[in-house]
Amino acid sequence: MSEEKKEEWNQQEDETLKQEDSMSLEETTVEKEKNEKEKIEDKNKPLSKKILSGITELLLYIVIAVVCIFVIPKYVVQRTEVSGPSMEATLQNEDSIMVEKVSYRFGKPSRFDIIVFYHFFDEDNQNKKDEDAYDLYVKRIIGLPGETVQIVGETILINGEPLEENYGKDPITYEGVAEEPIVLGDDEYFVLGDNREVSQDSRYEEVGNIKEDQIVGKAWVRVYPFNKMGFLAIKGL
């Protein structure tokens, strides 16, 4: 390449670089002007709009708090604690479980579901808002609405047929009121604790059949103790 050509090529390259630098400088200048403009607009924003924005944000936080504290525990899921050994060996005393309340709004409880229900001390004072009027019991559904339940010795009969199940920690030695056939109503369930030697359940008159509106929800997952955390799935028969 001749010296003249080299010089011409270098001049063209210098001009190209100058143009690129000029364009970059213009873009930077435009960006700075834009940022400055936004800052000025923000400073000039009316105080009333700033207050309204703050109030809106605060209300949003309040709504979220209300949903978490009141709505979710009442309608979706709540935590409760097992009291006593009546559900051993499935659940132990002081286990913390989460009770889900959604599935029974769209379907009926099933046999062998572990449910949490209200047990009222006084049938004439069944006020669910008065926590001194009830305990929460945790038991397993054995009999369904419309079925006839009877316990003969160690055997549970459903409509006269032996029920195949292996949830009992020990064989049944006390039939209670189920010594005679019990016909369940259209909204009634017969429940037993898995530890049937100590469980106070539907065999006892003070508990009896559980009506559907007594059921809080289905025991869903154990959250404590941590080494036993997990879903409470139905075991194989």
Side-chain angles (χ1 to χ4, degrees), residues 77 79-101 103-104 107-119 135-185 187-212 214-237:
V77 64
R79 188 193 69 83
T80 191
E81 186 175 283
V82 177
S83 178
S86 70
M87 282 299 293
E88 292 179 353
T90 306
L91 295 168
Q92 281 73 42
N93 183 42
E94 296 186 350
D95 279 1
S96 288
I97 59 176
M98 300 303 291
V99 183
E100 64 93 357
K101 304 179 178 183
S103 59
Y104 292 162
K108 298 289 186 180
S110 301
R111 196 186 322 276
F112 303 135
D113 281 359
I114 300 175
I115 62 170
V116 175
F117 61 90
Y118 297 106
H119 173 246
D135 269 339
L136 291 177
Y137 276 20
V138 183
K139 306 294 177 187
R140 190 182 297 277
I141 291 177
I142 298 297
L144 301 174
E147 293 182 337
T148 299
V149 180
Q150 185 178 12
I151 299 176
V152 178
E154 299 177 1
T155 304
I156 301 170
L157 302 178
I158 302 294
N159 296 331
E161 297 293 330
L163 177 66
E164 295 185 10
E165 57 91 39
N166 59 3
Y167 295 103
K169 179 182 177 184
D170 297 304
I172 296 174
T173 59
Y174 176 72
E175 299 92 342
V177 297
E179 185 176 7
E180 299 295 327
I182 297 173
V183 180
L184 298 172
D187 65 340
E188 292 183 334
Y189 297 82
F190 187 90
V191 300
L192 292 176
D194 287 357
N195 189 357
R196 292 162 187 174
E197 283 296 284
V198 301
S199 175
Q200 190 174 34
D201 44 44
S202 290
R203 294 172 294 173
Y204 293 81
E205 289 184 1
E206 53 267 40
V207 178
N209 303 331
I210 305 306
K211 294 187 177 296
E212 199 164 306
Q214 288 178 251
I215 298 175
V216 176
K218 180 180 179 179
W220 175 43
V221 63
R222 173 166 36 200
V223 295
Y224 184 84
F226 299 127
N227 62 334
K228 294 183 179 180
M229 183 182 296
F231 291 99
L232 299 173
I234 294 177
K235 303 174 184 176
L237 297 179

#### Entry: Full working for side-chain contact (heavy atoms from CB on, under 4.5 Å) between E94 and E81
CA-CA 6 Å; E94 296 186 350; E81 186 175 283; 4.0 Å; yes
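- Between F112 and Y167, the ring planes are tilted. Angles from 30° to 60° get that label.
- At a threshold of 4.5 Å between non-hydrogen side-chain atoms, the residues V177 and Y204 do not count as touching.
- The pair E212-K108 meets the salt-bridge criterion, since a charged nitrogen lies less than 4.0 angstrom from a carboxylate oxygen.
- Distance alone, capped at 3.5 Å, is enough to place a donor-acceptor pair between the Q214 side chain and the Y118 backbone.
- The residues E88 and R196 are annotated as not salt-bridged, no charged nitrogen and carboxylate oxygen being separated by less than 4.0 angstrom.
- Of the possible polar contacts, one joining the R203 side chain to the Y174 backbone as a donor-acceptor pair under 3.5 Å is found.
- If you check the side chains of S86 and Q200, you find no donor sitting under 3.5 Å from an acceptor.
- Contact annotation: the side chain of I156 approaches that of I142 to within less than 4.5 Å [non-hydrogen atoms, C-beta and beyond].
- Residues S103 and K218 have side chains that never bring a donor and an acceptor to within less than 3.5 angstrom of each other.
- With contacts defined as side-chain heavy-atom distances shorter than 4.5 Å, the pair V149/L184 qualifies.
- Counting heavy atoms from C-beta on, the side chains of S96 and R79 come closer than 4.5 Å.
- Annotation: the span from Y224 atom OH to M98 atom CE amounts to 16.0 Å, rounded to 0.5 Å.
- Taken to the nearest 0.5 Å, the CD1 atom of I182 stands 7.5 Å off from the OG atom of S202.
- By the 4.5 Å heavy-atom criterion applied to side chains, L91 and V138 are counted as neighbours.
- For the residue pair P181 and Q150, the shortest heavy atom distance occurs at CG-OE1, 3.6 Å.
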### Task
Show your working on side-chain contact (heavy atoms from CB on, under 4.5 Å) between L163 and R111 and close with a plain yes or no.
CA-CA 11 Å; L163 177 66; R111 196 186 322 276; 3.8 Å; yes
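- You'll find the side chain of I141 stays beyond 4.5 Å of the side chain of I114, heavy atoms only.
- Exactly one residue among L136, I115, T80 makes a side chain to side chain contact (heavy atoms under 4.5 Å, CB included) with V216. That residue is L136.
- Rounded to the nearest 0.5 angstrom, N93 CG and N195 CG are separated by 11.5 Å.
- Considering only heavy atoms from C-beta on, E188 stays 4.5 Å or farther from I210 through its side chain.
- Counting only heavy atoms from C-beta outward, the side chains of V221 and I97 never approach each other to under 4.5 Å.
- Taking CG of D201 as the reference point, atom CG of D194 lies at 10.0 Å (rounded to 0.5 Å).
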### Query
Yes or no on side-chain contact (heavy atoms from CB on, under 4.5 Å) for I215 and Y104, after CA distance, side-chain angles and deciding distance?
CA-CA 9 Å; I215 298 175; Y104 292 162; 4.0 Å; yes
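- If you take OG1 on T148 and CD on E180, they are separated by 12.5 Å, rounding to the nearest 0.5 Å.
- The structure places CZ of R140 at 9.0 Å from CG of L232, a figure rounded to the nearest 0.5 Å.
- A salt bridge links D95 with R222: the closest approach of a Lys/Arg side-chain nitrogen to an acidic carboxylate oxygen falls below 4.0 angstrom.
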### Query
Does the pair V207 and Y137 meet the rule for a side-chain contact (heavy atoms from CB on, under 4.5 Å), with working shown?
CA-CA 10 Å; V207 178; Y137 276 20; 4.0 Å; yes
